[in-house]
Each structure stands twice: as structure tokens, then as C-alpha cells.
*Asks:* 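Dropping a structure here in C-alpha cells format, bear with me for questions.
Every chain is numbered from 1, with letters handed out A, B, ... down the list of sequences.
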There are 2 protein chains.
Amino acid sequence: MTEKQEKIIWSALELFAEFGFDATSTSKVAKKAGVSEGLIFRHFENKEGLLMAIMNQGIERATGYFNEIIKINDPAERIKQALSLPFLIDESENRFWKLIYALKWQRGSYDDSMADELKKSLAEAFNALGYDHPYAEAELVQVFIDGVATEALLKGKASEQLLEIILNKYRLT
Amino acid sequence: MTEKQEKIIWSALELFAEFGFDATSTSKVAKKAGVSEGLIFRHFENKEGLLMAIMNQGIERATGYFNEIIKINDPAERIKQALSLPFLIDESENRFWKLIYALKWQRGSYDDSMADELKKSLAEAFNALGYDHPYAEAELVQVFIDGVATEALLKGKASEQLLEIILNKYRLT
DNA sequence: GTCTATACCAGGATAGAC
DNA sequence: GTCTATCCTGGTATAGAC
């Protein structure tokens with residue numbers, strides 16, 4: 001991965017996240033990256049390929065976070081860490097997550113498998129704690145994570161109070 | 001509003017919701033509506049104007065739902081109805097909501113004022129019930145609503161169990 | 001690996017007839 | 001109110017030189 005390649009990816013991420021994939025032209029990406037437009041196609045085949053390159057980079061980091069939580073053995077602690085997730089994401093990764101969430105709403109690109117393992121491990125945790133509907137509880141946690149992430153990404157950091165009161169409802173404080 | 005005008009709006013909503021605003025060409029809208037492309041511009045000025053026409057139509061119905069909830073006097077019941085909201089949306093309105101949520105992620109178009117009144121009235125309800133952080137609680141309800149709506153719109157109807165367990169956490173069953 | 005030049009097409013939008 | 005024809009810009013993508 002050359003320096004220019006990285007510059008292209010970085011610029012594209014910036015623009016895709018802010019204006020959307022379809023509304024961002026390759027010429028704008030090239031200009032922002034300080035690179036000729038042709039170079040983008042040399043390196044990434046086409047615009048779609050550029051998007052894929054961005055996604056692959058980010059997905060790896062994301063699954064990293066998820067695996068950290070999955071390997072926590074104490075059920076209560078695992079749930080607590082999952083709920084805390086959207087509050088811990090580093091601001092430098094905001095653009096990536098914004099792109100992911102925006103893309104969810106675009107035909108075809110929706111893929112939840114990334115988070116499936118996490119959900120399963122949360123269901124197990126709720127089960128171990130004797131909850132009545134462990135799978136639905138895991139789903140609720142995910143709804144909460146997505147909801148808070150959305151709020152944080154669109155309006156700036158979500159309030160810590162939100163985490164406090166949700167943890168309270170689970171008696172995890 | 002002529003029949004063709006309505007046909008244009010309907011077709012555009014369908015396509016915008018499925019493929020996104022930027023990825024949908026006016027020619028595709030025209031074809032789907034069985035109408036000449038020029039007619040779109042006669043009636044709606046430009047593509048943006050077509051989007052606005054769609055939004056205005058839907059926003060009215062949406063504020064209708066919100067106002068129904070706001071005017072409930074009993075605090076507990078008001079909260080309960082708000083939480084139930086994403087489970088009550090008629091399927092015929094799915095496309096509209098999908099468009100709204102997708103547009104949230106597009107630069108500039110994000111506008112939360114529609115839901116602001118609801119949030120305020122929820123904060124009052126939590127306050128009346130003696131909660132410690134009424135505003136944060138109202139925020140959490142909105143996070144829940146958005147999260148469930150997202151899940152329902154992207155993967156099909158959300159499970160009723162989700163509602164059941166959340167109502168349980170508020171002791172509203 | 002990178003740039004310049006360019007092909008080619010599709011997109012939004014307008015004009016003018018009916 | 002509606003259609004047909006057309007303009008023009010800008011978007012993706014390729015070719016070829018360095």
C-alpha cells in the first residue's frame with residue numbers, strides 16, 4: 001500500500017461519509033487526495049472497488065472490538081461492556097462508522113453478520129443470568145447500541161447519563 | 001394534484017427508498033410512473049423539489065402520530081404508547097420511513113425538530129413519575145424507538161417480545 | 001506508480017409543440 | 001397538462017506516455 005493509495009482511501013472515506021457514496025464523484029476524491037483521477041482506477045478497478053477497500057480495512061478493526069467483548073467470561077460484565085461499546089469508540093473512527101451506518105440503508109449492502117457472533121454471545125450471557133427471553137434481551141442490547149451510535153454519530157457524543165440509566169435498568173451499575 | 005403528479009410522487013418514493021436519492025435518476029422515476037421525464041420538472045422544478053414534495057406529505061402524517069401521544073395525559077400511558085410506536089406503524093408507510101432514516105445520514109438533510117416536541121413531553125412524563133434524570137430517560141426512549149424502527153425497516157417486523165421486555169424494564173406491563 | 005488526455009454515456013434540465 | 005426532442009455538464013472509465 002503506497003502513500004498515495006492510502007491518501008486516496010482516506011480522502012474517499014472522508015467524502016463518502018459526509019456526502020454519501022453516490023453523491024461523491026471520483027474526481028472529487030482525486031482532488032482531495034492530490035492525485036490524478038486515473039490513479040484511483042489503476043489501484044481499485046472502479047469506484048465500487050474503492051469502497052470495498054475502505055470497508056475491509058474498517059471491518060477488521062470492528063470485529064476486533066466485538067471479539068474483545070465475546071471473550072469476557074463473566075456474563076454481567078460481558079453485557080455491561082457491550083452496552084458501553086458506543087461510548088468507547090474513538091472519535092478518529094467516526095467517519096468509518098458513519099459510512100457503515102449510512103450504507104445500511106442502501107440496497108444490497110446491508111450485512112449484519114459482523115455483529116451476529118456478538119449477539120449470540122450476549123444471548124448466552126442473559127441465559128446464564130436466568131433471564132426469561134435471552135435472545136430478545138440480546139436483540140434489545142443491539143437496538144440500544146445501534147440507537148446510541150446513531151445519535152452519537154449524527155449529533156455528536158451521546159451523554160454518559162444515557163449509559164448510566166440503561167445500566168441501572170439492568171442493575172449492572 | 002393531478003393523477004400523474006401523484007403517480008410521480010409514488011414512484012419516486014418507491015425508488016428513493018429502495019436505492020437512495022442520489023442513485024435514482026429522474027428518467028427511472030419517469031419510466032416507473034409511466035410519464036415523460038420533462039413532466040417531473042414542470043411540476044416539481046427539479047429533483048430536489050420532488051424530494052421535498054414527498055417529505056412534506058409524509059411529515060404531516062408523522063407529526064400526527066406524535067401529537068396523538070403528546071396529548072395523552074397519564075404519564076405512564078404516554079411513555080408506554082411512545083415505546084409502542086415503532087410496532088404500530090402501518091406497513092404501507094414503510095417506504096416513507098425508510099427514506100427518512102436513510103436521509104438522516106445525508107449531509108444537511110438531518111432535522112430532528114419533528115421529534116423534539118415528543119421528546120420534551122416524554123421528559124415531562126418521566127419527571128411527573130419522579131425519575132432522577134427525566135431528560136436522559138426521554139432520550140433513551142427515543143434511542144429505543146429509532147433502534148427498533150431501524151431493525152424493523154431493514155430486516156422486517158421487529159419481534160413483539162422486544163416491546164414486552166422493554167415495557168417490563170419500565171414496569172409498564 | 002503516476003499523470004495527461006480523452007472517450008463515452010447518463011444525468012439533470014429546458015424548449016417548443018400539442 | 002403532457003410529450004418529444006434536445007442541450008450540456010459532469011461522471012466513470014480507459015489509453016498511452018513518462
*Asks:* Without decimals, in angstroms, what is the distance between Phe41(B) CZ and dT2(D) P?
*Replies:* 16 Å
*Asks:* Return the value, rounded to whole Å, for the distance between atom CZ of Phe16(A) and atom P of dG11(D).
*Replies:* 13 Å
*Asks:* Could I get the full list of salt bridge (charged side-chain N to carboxylate O under 4.0 Å, His left out) partners for Lys169(A), not counting sequence neighbours?
*Replies:* Glu137(B)
*Asks:* Contact list please: residues 42-51 of chain A against DNA chain C, heavy atoms, distance less than 4.0 Å, in numerical order.
*Replies:* Arg42(A), His43(A)
*Asks:* Examine dA10(C): is either OP1 or OP2 under 4.0 Å from a nitrogen or oxygen in the side chain of Lys28(B)? Give yes or no.
*Replies:* no
*Asks:* So, using side-chain contact (heavy atoms from CB on, under 4.5 Å) as the criterion, who are the partners of Ile72(B) when residues are at least two apart?
*Replies:* Glu77(B), Arg78(B), Gln81(B)
*Asks:* Find the distance Ile40(A):CD1 to dG11(D):C1' and express it as a whole number of Å.
*Replies:* 12 Å
*Asks:* With the side chain counted from C-beta on, respond yes when Leu140(B) and Val148(A) share a heavy-atom pair under 4.5 Å apart, and no when they do not.
*Replies:* no
*Asks:* Are any of Ser25(A)'s side-chain N or O atoms less than 4.0 Å away from OP1 or OP2 of dG11(D)?
*Replies:* yes
*Asks:* Touch check for Gln5(B), heavy atoms < 4.0 angstrom, all strands: base, sugar-phosphate only, or nothing?
*Replies:* sugar-phosphate
*Asks:* What is the distance from CD1 of Ile8(B) to P of dA13(C), rounded to the nearest Å?
*Replies:* 14 Å
*Asks:* Among all residues two or more places apart in sequence or in another chain, which pass the side-chain contact (heavy atoms from CB on, under 4.5 Å) test with Phe41(A)?
*Replies:* Thr26(A), Glu37(A)
*Asks:* Please enumerate all residues that pass side-chain contact (heavy atoms from CB on, under 4.5 Å) together with Glu45(B), with sequence neighbours excluded.
*Replies:* none
*Asks:* Phosphate oxygens OP1/OP2 of dA5(C): is one of them under 4.0 Å from a side-chain N or O of Ser36(A)?
*Replies:* no
*Asks:* Please tell me which of the listed nucleotides, dC3(C), dA13(D), dG11(C), lies nearest to the side chain of Leu39(A)?
*Replies:* dC3(C)
*Asks:* Can you pull out how bent the helix from dG1(C)-dC18(D) to dC18(C)-dG1(D) is, comparing the axes over its first five and last five pairs, to 10°?
*Replies:* 10°
*Asks:* Check whether any side-chain heavy atom of Phe96(A) lies under 4.5 Å from a side-chain heavy atom of Ile100(A), and answer yes or no.
*Replies:* yes
*Asks:* Decide whether Glu93(A) and Tyr65(A) meet the rule of one side-chain donor and one side-chain acceptor closer than 3.5 Å.
*Replies:* yes
*Asks:* Taking atom types as modelled and ignoring hydrogens, do the side chains of Asp146(A) and Tyr101(A) form a donor-acceptor contact shorter than 3.5 angstrom?
*Replies:* yes
*Asks:* Nearest whole angstrom, please: distance from the P of dT2(C) to the CD of Glu6(A).
*Replies:* 11 Å
*Asks:* Between dG1(D) atom P and Glu3(B) atom CD, what is the distance in whole Å?
*Replies:* 13 Å
*Asks:* Measure CD/Glu37(A) against P/dA15(D) and give the value in whole Å, please.
*Replies:* 15 Å
*Asks:* Once you measure the plane-to-plane angle for Phe126(B) and Tyr170(B), does it fall in the parallel (<30°), tilted (30-60°) or perpendicular (>60°) bin?
*Replies:* tilted
